[in-house]
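Quick caveat, the model's predicted, so the values are computed rather than measured. Both counts, for ligands and for their atoms, begin at 1 and track the order of listing.
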Amino acid sequence: MYSYFFISILFYTAVVHANVLSWDEAYIKAAVLVGQMSLDQKVAITTGRGWANGPCGGNTYPISSPHFPSLCLQDGPLGVRGANNVTSGVAGINAAASFDKMAIRARADYLGKEFRGKGIHVQLGPAVNMMRSPKSGRAWEGSGEDPYLAGIVAAESIKGVQAHGVIANVKHYILNDQELNRMTSSSEIDARTLHEIHLWPFARSVEAGVGSVMCSFNKISGVHACENDYLLNTVLKGELGFKGFVVSDWWATHSTVQAANGGLDMAMPGDITLPTAIDIPGSSDSYFGKNLTDAVIQKDVSESRTTDMAMRIVASWYKMHQDENFPQTQLSFDQRNSPFVNVQENHRVLVREMGAASNVLLKNINFTLPIVPSQVKSIAVIGSDAGPPPNGINTCFLNYCSNGTLAQGWGSGTADFPYLIDPLQGLREVFGDTKIKSTLNDWDLHQAAEIAKDADFAFVFSNADSGEGLLGIYGDRKNLSLWQNGDNLIKAVADANSNTIVVIHSVGPVLMPWINHPNIKAVLWPGLPGQESGHSLADIVTGKVNPSGRLPYTIAKREEDYNVDIDLDQVVEYSERLLMGYKWFDHAGIEPLFPFGYGLSYTSFDYDDLKVKTRVFYDDDAKRIVSDAIVRASINVRNRGTYDGAEIVQAYLSFPKSANSPPQQLRGFEKIFLQKGQNATVEFDLRKTELSIWDVSTGTWVIPAGEFTIGIGASSRDIRMSIGFTF
Ligand SMILES: *[C@@H]1O[C@H](CO)[C@@H](O)[C@H](O)[C@H]1NC(C)=O
Ligand SMILES: *[C@@H]1O[C@H](CO)[C@@H](O)[C@H](O)[C@H]1NC(C)=O
Ligand SMILES: *[C@@H]1O[C@H](CO)[C@@H](O)[C@H](O)[C@H]1NC(C)=O
Ligand SMILES: *[C@@H]1O[C@H](CO)[C@@H](O)[C@H](O)[C@H]1NC(C)=O
Ligand SMILES: *[C@@H]1O[C@H](CO)[C@@H](O)[C@H](O)[C@H]1NC(C)=O
Ligand SMILES: *[C@@H]1O[C@H](CO)[C@@H](O)[C@H](O)[C@H]1NC(C)=O
């Protein structure tokens, strides 16, 4: 197992190195091409052609002599939006819930292939905004409430996509963490919270070599994100050293001079007014294009700034080798006219595995799960969330409806399903049609109880949805309750059957007033598993896959236990500072229903022999530092149960008192597969930034004085061993 992992890691590294130029090499090539461009040409490649004017969601102007193509920019983080014959896999929040770096990379690897296969130059993903409030409408596109986790997911996603020569786009920069008022509100934050929480995943993305960053709709300290000199020039391009280009979110450009001087490099979609409907072209006016050229002629913007914009775009293009055999763009703005290009290959296999790997087992009394199909006479399957969408797949605008099973949220971060294996179908395939009785009606509680009562096991399904707030659609969640009568349905089924298994498809935490019902023997949390939903679920239910998914957010007992809600004001105050998610629950001593990092397995693991080394890793023979880690913790983990399975070993760091930091913060996780009885040593390397706090007075990362503690365990509230260290 180990050597296999090791070879895979080497293989991926090799692919990345072979295919991606360094920024310095890319800039040398770019300088030659941009050096031949006129001012008009430089401006042209920074400017979108306008909404619905080109095959893609965003299209730049092409130029000839020198030649530079129209770049195609297309949503989104989980698959190619608005396209046929693509894979519609697990959402970002599920990638995070897998806590599995190799699976996240494998997902990015197929995404890169599919975007490339359609001739898309820029994939608009990953999304890294935090689940600051459990109601944040688009939080399901990202990685949950922890910046370290989000940083790893982002870096793996970027490396995987860019290895195929597609420019990744990390978004939305920055503090765009709710849908309400996102076009008009201003986010207010202190410098420490900005750096330690919200900037963190962007910093990891820049380290991973991301080619582009999307600035967001909102303002920060009263200044639009896409003309924010401090955040774009000082922080992103200065402090983080970002070498690629900044593109505006669609219609998030608000000026010519301030935007250009404030650090924006590309205006999308180019026109200035939101269309009134999704397929109607916007205005023909642009803040860039001719107006940017005029601003240079009038010396309000320097020509060197436009050269820099062009260099950033062209260098990213060279860095991903898009000058060599990049495929023709094979999309059509009107999807019905899209050419037939099937890029799905066997990616369904990965989606199925990822769906299982991200399914979180929350409750499993007396090993109710897994179930051996041959030992079961009858199964009840209840709830609309178990079944197909009544009107078929892809019938709602950007998936804005909750009909049938929930497999992704709604908005621009969706991708059409090529097909959707619903849970009922998945369970039918393993248990056989004849053993299953079902109802997809959420409201007829009497019928639900009748169907449940004689079954060996009663599966009851429900969901909670959210998405992007656009064109009058409210995006954030209005409450943390299940939709479609879920709580009543679950209670009715549990009252009728003493082997009730609850399955929730949700964008984020829900309240579970029924959780302690004695007849509810198991609870499964598959999140948003994508097109293979039913297969992934069946793999977990039958034990073909031993669950190892972990919650990337805290599920509270009561809504009041969360300290952040959707801000109704135009000023969104980040007053929780560092205490977001579990950091707040730990600080306030509030017991969550299910903590961050939680998830059960069909087996169990022992932890032993925690060691920590604090020195720079210096190879005496090679006379050089071989790792930028300055602390290395190791621990032995043993599978002491009766099933083979994977453990997600998590490392949480507590800073010295002097740091005034949250009680503990995730600083490492490793997924390790162990056969029953087997053990292995897991290592965690911490780099300087991971041991530092942002020092506001010097504007640098500083390792605080005093004693640190590293705690290692199976969740944020299940630390098995901890050890102190100082420098
Ligand atoms: C490709 O997409 C079209 C339109 O959705 C569909 O009719 C066709 O069956 C798809 N073909 C394959 C091979 O998936
Ligand atoms: C572009 O410039 C023209 C002429 O100065 C001005 O009328 C127009 O409003 C500008 N467009 C935008 C989007 O700023
Ligand atoms: C679990 O199983 C044991 C032994 O069969 C039994 O005594 C106990 O009541 C069970 N617990 C629950 C909550 O069903
Ligand atoms: C489909 O979803 C919409 C929006 O969530 C809802 O209004 C409608 O009742 C649903 N239709 C069915 C058949 O469930
Ligand atoms: C929660 O919000 C959903 C979606 O808006 C709605 O269907 C449901 O009735 C609400 N539940 C409660 C308890 O308010
Ligand atoms: C770990 O496994 C090795 C064999 O691979 C064995 O020698 C050792 O005793 C095991 N350690 C523990 C703590 O189980």
Student: Are there any N/O pairs under 3.5 Å between ligand 3 and the protein, and if so, what are their distances?
Tutor:
from, atom 1, to, atom 2, distance (Å)
ligand 3, 2 (O), Asn366, OD1, 3.4
ligand 3, 2 (O), Asn366, ND2, 2.1
ligand 3, 11 (N), Asn366, ND2, 3.0

Student: As an exercise, identify every atom of ligand 6 less than 4.0 angstrom from a heavy atom of Arg638.
Tutor: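 Those qualifying, in numeric order: 12 (C), 14 (O).
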Student: Is Glu647 salt-bridged to Arg550, going by a charged N under 4.0 Å from an acidic O?
Tutor: yes
Student: Could Lys521 and Phe367 be counted as a cation-pi pair, given that NZ or CZ must be under 6.0 Å from the ring centre and within 45° of the axis?
Tutor: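 No; the conditions do not both hold, so Lys521 does not lie above the ring face of Phe367.
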Student: Is any side-chain N of the basic residue among Asp487 and Lys491 closer than 4.0 Å to the acidic one's carboxylate O?
Tutor: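 Salt bridge absent between Asp487 and Lys491.
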Student: Would Lys135 and Asp476 pass as an ion pair if we require N to O under 4.0 Å?
Tutor: no
Student: With Asn636 as reference, evaluate Asn679, Asp609, Asp608, Asp606 under the side chain to side chain donor-acceptor pair (under 3.5 Å) test and give the passing residue.
Tutor: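 Single pass found, and it is Asn679.
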Student: Just which atoms of ligand 5 are under 4.0 Å from any heavy atom in Ser481?
Tutor: 13 (C)
Student: Report yes if Asp608 has an N/O atom closer than 3.5 Å to an N/O atom of ligand 6; otherwise report no.
Tutor: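 No, Asp608 has no N/O under 3.5 Å of an N/O on ligand 6.
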Student: Can you tell me how far the CG atom of Leu445 sits from the CD1 atom of Ile382, to the nearest 0.5 Å?
Tutor: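 It is 10.5 Å, given to the nearest 0.5 Å.
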Student: Quick check: does Asn479 get an N/O under 3.5 Å from an N/O on ligand 5?
Tutor: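 Between Asn479 and ligand 5 (N or O atoms, distance only) the closest approach is under 3.5 Å.
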Student: Testing Tyr562, Tyr598, Tyr553 for ring-ring contact (aromatic ring centres under 6.0 Å, His included) with Phe585, which one passes?
Tutor: Tyr562
Student: Looking at residues at least two apart in the chain, or sitting in another chain, which of them share a salt bridge (Lys or Arg N to Asp or Glu O under 4.0 Å) with Glu145?
Tutor: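 Residues passing salt bridge (Lys or Arg N to Asp or Glu O under 4.0 Å) with Glu145: none at all.
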